[in-house]
2 protein chains.
Amino acid sequence: MPDTALPPRPRQRDPDQTRRSILDAALTEFAEKGLSGARVDEIAARTATTKRMIYYYFGSKEGLYAAVLEEMYGGIRDAEQALDLGSLDPVAGMRRLVEITFDYHAAHPEFVRMVAVENIHNARHLEHAPLVADRNDTVIRTLRDLLDRGEREGVFRPRIDAVDLHMLISGFCFYRISNRHTLQRIFGRDLTAPAHVAAHRRMITEAVLAWLRPEG
Amino acid sequence: MPDTALPPRPRQRDPDQTRRSILDAALTEFAEKGLSGARVDEIAARTATTKRMIYYYFGSKEGLYAAVLEEMYGGIRDAEQALDLGSLDPVAGMRRLVEITFDYHAAHPEFVRMVAVENIHNARHLEHAPLVADRNDTVIRTLRDLLDRGEREGVFRPRIDAVDLHMLISGFCFYRISNRHTLQRIFGRDLTAPAHVAAHRRMITEAVLAWLRPEG
DNA sequence: TTATGGACTAACCAGAAGGTTCATAACCAT
DNA sequence: ATGGTTATGAACCTTCTGGTTAGTCCATAA
């Protein structure tokens, strides 16, 4: 009997590639279905490898989830660290920061969904991603610097809390993405339509600047 | 042989009570764990009745979920319809509306979580709760009325879109509740501390009013 | 009294889902 | 080449879970 065995697909060993592929597939699946809604088999099916590899590299479903979460926060950190607002005057710098925040959320709904999912789980897994807290220091420091300079120049009100302001900004940017489905159902509006995107971008920018302006 | 039977717990038959009890238990469980994270057995255990009754009254896990969701939106509708802003001047009325919205979200984190969960599922179940869309007309109409009057009196800018404004307001109110766990982890702040609550309440109110003020 | 139908229950089931076993192929240093 | 380590794959196992079956209980109307 001749050798009828299928030519064994040349197994290429590439740990990094395999890890990446799992992480990418998991991101999609978790962002789409949430932690408990996601299926490990489904994630495996999305990758070129097998379920076994998920456990080999990440230990458990939750381990994988935590890894994805950490990865996720890395992205926005990079985006924010990239901009150099030191050269701009406070008002222009603030405007720029709001716009960047708005644009990042609009461009990365998976990030928004992952954070929303993590909040459903009371941010339990953030514990296992300790370096996440770091990145936010960057934004807060940038914000504080802008506020200080603006106050000195008399274009911003004094005693604004940077964290509160950050929440005001990212709150709206986050909300319009995280809640776009219910909003769409209820108001019958396509929030991704360019006209609405532009209007929202202008609204949050101007609202923030209006609020910061001294002598209300 | 004497009658050793335990006194049979007098089974009280009360369909409404049973339904309510299931709905309450389900709300807790769904808000806590999400749709797929919630366990029907767990919900049953929280009630005085059994799992079978859940299927008897609601047909399926998703049917129960949809029922809870609808119930949920009912609450905020009532709260908003209760206030009569017609007698207040536009600025005071707007301030009041923002404050009510803020307070409602702060007081009802379960509502916030249910909506967040529903968005993870792309608002798929809102289809089965058709009367939900109604309630929002109320807010939008109230808002539009305030905006019109304010514009006529020259205290608000013209051509403000009521839905956009609604999003600006509820966006922040929603976000500080929906994301409080990740925010807490990252900034190490207890967002429920009275000082922060008060600061946030003032911030969103003033930001909205500042933005609405004419001649930016 | 008895019959009727809504309210309720315990036990069960099939399939799904997370996690594991064991064999083995590819790679690398010697 | 060779021995040991890392990476990979297919099938398997166990537990859980949504949903069902088959039947009991009880208030009321006839």
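In what follows, chains are A, B, ... by sequence order, proteins preceding strands, each numbered from 1. For clarity, every value in this text was computed on a predicted model and none was experimentally measured.
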Task: Nearest-nucleotide comparison on DNA chain C, the residue closer to the 5′ end among A/Gly59 and A/Arg39 - done: A/Arg39

TODO: From the options C/dA7, C/dT9, D/dG18, select the nucleotide whose nearest atom is closest to the side chain of B/Lys51.
DONE: D/dG18

Open item on the list: Side chain of B/Arg52 only, heavy atoms from C-beta on: which candidate in D/dT21, D/dG9, C/dA7 is closest?
Closed with: D/dT21

Task: Electrostatic pair B/Arg201-B/Asp103, nearest N-O below 4.0 angstrom - done: yes

TODO: State whether A/Arg113 and A/Glu110 are salt-bridged, where the test is any N-O pair (Lys NZ or Arg NE/NH1/NH2 against Asp/Glu carboxylate O) under 4.0 Å.
DONE: no

Open item on the list: Whether the side chain of A/His196 engages the backbone of A/Thr192 through a donor-acceptor N/O pair (distance < 3.5 Å, no angle test) should be reported.
Closed with: no

- [ ] Let me know the distance between CG of A/Asp41 and C1' of C/dA16, rounded to the nearest Å.
- [x] 9 Å

Task: Residue B/Tyr56, side-chain atoms from C-beta onward, closest of C/dG6, D/dA10, C/dA17 - done: C/dG6

TODO: Would you mind reading off the distance between A/Met53 atom CE and C/dT21 atom C1', rounded to a whole angstrom?
DONE: 13 Å

- [ ] Can you tell me the distance, in whole Å, between the CZ atom of B/Arg19 and the C1' atom of C/dC8?
- [x] 16 Å

- [ ] Return the value, rounded to whole Å, for the distance between atom CD of A/Gln17 and atom C1' of C/dA26.
- [x] 17 Å

Task: Of the listed nucleotides C/dG18, D/dG18, C/dA10, the one nearest the side chain of B/Val40 - done: D/dG18

Open item on the list: What is the distance, to the nearest angstrom, from the NZ atom on A/Lys61 to the C1' atom on D/dC16?
Closed with: 13 Å

Open item on the list: Whole angstroms only, please: what is the CD1-C1' distance between B/Ile22 and C/dC8?
Closed with: 11 Å

- [ ] Decide ring pair (Phe, Tyr, Trp, His ring centres under 6.0 Å) for B/Tyr175 and A/Tyr175; before the verdict, give the C-alpha distance in whole Å, the side-chain angles of both, and the deciding distance to 0.1 Å.
- [x] CA-CA 6 Å; B/Tyr175 177 78; A/Tyr175 177 78; 9.1 Å; no

- [ ] Could you check how far CD of A/Glu42 sits from P of C/dG19, rounded to whole Å?
- [x] 16 Å

- [ ] Ignoring backbone atoms, establish whether A/Thr18 has a side-chain N or O less than 4.0 Å from OP1 or OP2 of D/dA7.
- [x] no

TODO: Could you check which of D/dA7, C/dC8, C/dG19 has an atom nearest any side-chain atom of A/Tyr57?
DONE: D/dA7

Open item on the list: Under 4.0 Å, heavy atoms only, any strand: does B/Ala44 hit a base, just the sugar-phosphate, or nothing?
Closed with: nothing

TODO: Write down the distance between CZ (A/Phe58) and P (D/dA7), rounded to a whole number of angstrom.
DONE: 13 Å

Open item on the list: Once you measure the plane-to-plane angle for A/His125 and A/His121, does it fall in the parallel (<30°), tilted (30-60°) or perpendicular (>60°) bin?
Closed with: perpendicular

